[in-house]
Chemist: 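Would you mind keeping the following structure in view while I ask a few things?
Sequential numbering from 1 along the given sequence is applied to the chain's residues.
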Amino acid sequence: MPRSTRRETPSGPVPEGVSGGREDFWRAGGASGGRVGTSGAREGISGGREPTRRRVIEAAAGLLAREGREAVTTRAVAAAAGVQPPAIYRHFDDMDGLLDAVAEHGYARFLEAKQASPAPDDPVEDLRAGWDLAVEFGLANPALYAMMYGEPRRGTDSAAFRTGMEILLGRIRRLAAVGRLRVAEPLAAALVHATARGAVLTWLSLPEDGRDPALLTAMREAMVTAVTTESPAVQDPGPAGAARALRAVLPQQTALSEAEQHLLGEWLDRLSR
């Protein structure tokens, strides 16, 4: 049976050891501790000191979390942020621009949690933990997640999104460094991202009585099987071990010309010493 770090709650599986449940963590605004889902602005921030743009974004995020996408209108956001409707358009070209900013806000919250979560020593377990974290975020923030990932490219130009992808690529490189990566790094990252996204959106599309946590576990383990090997492809750590492993199979390769194989063989011989 695959390793499970989840326990079931009405809103979906959450990891063991989180007081109050991971869903409470997310609904409380992630690692930053602000409460986006229960008020128009984070607790502890004075409305007079908070920049208007930030208040508008958080008001829109709060409406989205509480009442869904249809509730995010100019009038409702302005009322929740305590501004006049024209003030919104001094900061955003249109409602689509505001929604892009809300998506960026979501990526930033997700990034905070990624950075706060300690990485397990085992790179395969680290991959599982990162996948679980992404899924848990989606289950706890269904409307926000559907907007972030259900609409291609929305918010993906943000610094938070790019940094989050770098964290994922870092997990993939850890696997490659210990000889556990089955496919090329870009393909591995795409598989991790696609399976987590698909798992959340599929889960949210199901009726509540049809949501079986086994679906999430099966999708995670299918991703792990597709991305990783059972045992290290290279037994000796470091470049020398990798060079020796590649040198051993070089004569069997047909993609390189004889001259290219000879040159690569010389380089690998040097690295193997």
Side-chain angles (χ1 to χ4, degrees), residues 5 14-15 18 22 25-26 28-34 36 54 57-58 61 97 99-141 144-201 216 219-229 232-234 237-239 242:
T5 60
V14 298
V18 178
R22 177 82 77 172
F25 171 81
W26 289 122
S32 63
V36 175
R54 176 75 172 184
I57 291 171
E58 294 196 343
L99 292 175
D100 282 344
V102 172
E104 291 179 16
H105 176 74
Y107 286 122
R109 284 178 53 200
F110 185 29
L111 177 60
E112 287 177 352
K114 276 188 171 185
Q115 292 174 328
S117 180
D121 292 335
D122 182 343
V124 178
E125 290 305 304
D126 188 26
L127 182 68
R128 283 191 174 97
W131 196 93
D132 285 346
L133 190 67
V135 170
E136 287 154 12
F137 177 82
L139 300 186
N141 299 275
L144 177 61
Y145 192 93
M147 188 186 70
M148 289 166 60
Y149 291 105
E151 301 179 25
R153 308 297 304 172
R154 185 180 288 281
T156 55
D157 291 333
S158 70
F161 177 83
R162 292 193 297 271
T163 302
M165 289 303 296
E166 280 301 315
I167 292 174
L168 171 57
L169 289 170
R171 287 190 166 103
I172 299 301
R173 291 185 195 110
R174 284 189 69 196
L175 289 165
V178 296
R180 296 292 302 274
L181 189 61
R182 184 184 296 276
V183 297
E185 290 182 22
L187 177 57
L191 285 167
V192 176
H193 189 66
T195 52
R197 184 187 212 168
V200 173
L201 295 177
L216 303 180
M219 290 190 71
R220 183 189 65 197
E221 294 309 306
M223 175 276 297
V224 170
T225 299
V227 168
T228 69
T229 59
V234 178

Chemist: For Tyr145 and Arg197: C-alpha separation, side-chain torsions, deciding distance, then whether side chain to side chain contact (heavy atoms under 4.5 Å, CB included) applies.
Modeler: CA-CA 9 Å; Tyr145 192 93; Arg197 184 187 212 168; 3.9 Å; yes
Chemist: Apply side-chain contact (heavy atoms from CB on, under 4.5 Å) to Ile167 and list each qualifying residue two or more places apart in sequence or on a separate chain.
Modeler: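 Checked Ile167 against side-chain contact (heavy atoms from CB on, under 4.5 Å); matches are Leu111, Lys114, Gln115, Arg171.
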Chemist: Can you list everything that forms a side-chain contact (heavy atoms from CB on, under 4.5 Å) with Met223? Sequence neighbours excluded, please.
Modeler: Leu127, Trp131, Val192, Thr195, Arg220, Val227
Chemist: Just do the side chain to side chain contact (heavy atoms under 4.5 Å, CB included) check on Phe137 and Val200 with the steps written out, would you?
Modeler: CA-CA 9 Å; Phe137 177 82; Val200 173; over 6 Å; no
Chemist: Which pair of heavy atoms, one from Ala101 and one from Ile57, lies closest together, and at what distance?
Modeler: CB-CD1, 3.8 Å
Chemist: If you compare all heavy atoms of Ala226 against all heavy atoms of Leu191, which two are closest, and at what distance to 0.1 Å?
Modeler: CB-CD1, 4.4 Å
Chemist: Minimum heavy-atom separation for Ala184 to Leu181, with atom names?
Modeler: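 So the minimum-distance heavy-atom pair works out to C-CD2, 4.4 Å.
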Chemist: Got Tyr107 and Met148 here, is their nearest side-chain heavy-atom distance under 4.5 Å?
Modeler: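 Result yes, sub-4.5 Å side-chain heavy-atom pair found.
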Chemist: For Arg174, enumerate each residue passing the side chain to side chain donor-acceptor pair (under 3.5 Å) test, keeping only those at least two apart in sequence or located in another chain.
Modeler: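 Here the qualifying residues are Asp126.
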Chemist: Is the shortest side-chain heavy-atom distance between Leu216 and Leu139 below 4.5 Å?
Modeler: yes
Chemist: Kindly give the heavy-atom pair with the smallest separation between Ala189 and Leu169, and that separation in Å.
Modeler: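 Closest heavy-atom pair between Ala189 and Leu169: CB-CD2, 3.7 Å.
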Chemist: So does Arg109 pair up with Glu112, basic N to acidic O under 4.0 Å?
Modeler: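 Glu112 and Arg109: not salt-bridged.
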Chemist: Quick one: salt bridge (Lys or Arg N to Asp or Glu O under 4.0 Å) partners of Arg182, sequence neighbours excluded?
Modeler: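 If we apply the salt bridge (Lys or Arg N to Asp or Glu O under 4.0 Å) test to Arg182, skipping adjacent residues, there are no hits.
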Chemist: Can a donor-acceptor pair be found, under 3.5 Å and without considering hydrogens, that links the side chain of Arg180 to the backbone of Leu175?
Modeler: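 Flag not set: sc Arg180 to bb Leu175 has no pair under 3.5 Å.
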Chemist: For the pair Phe110 and Leu133, evaluate side chain to side chain contact (heavy atoms under 4.5 Å, CB included) and give the outcome as yes or no after the intermediate values.
Modeler: CA-CA 9 Å; Phe110 185 29; Leu133 190 67; 4.2 Å; yes
Chemist: Applying side-chain contact (heavy atoms from CB on, under 4.5 Å), name anything that partners Ala146, two or more places apart in sequence or on another chain.
Modeler: none
Chemist: State the CZ-CD distance between Arg173 and Glu185, to the nearest 0.5 angstrom.
Modeler: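 Answer rounded to 0.5 Å: 6.0 Å.
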Chemist: Report the residues that fulfil side-chain contact (heavy atoms from CB on, under 4.5 Å) with Arg162, sequence neighbours left out, ordered by chain and then residue number.
Modeler: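 With neighbours one apart ignored, the set is Ala159.
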Chemist: Which residue pairs pass the ring-ring contact (aromatic ring centres under 6.0 Å, His included) test when at least one of the two sits in residues 168-201, sequence neighbours left out?
Modeler: Tyr149-His193
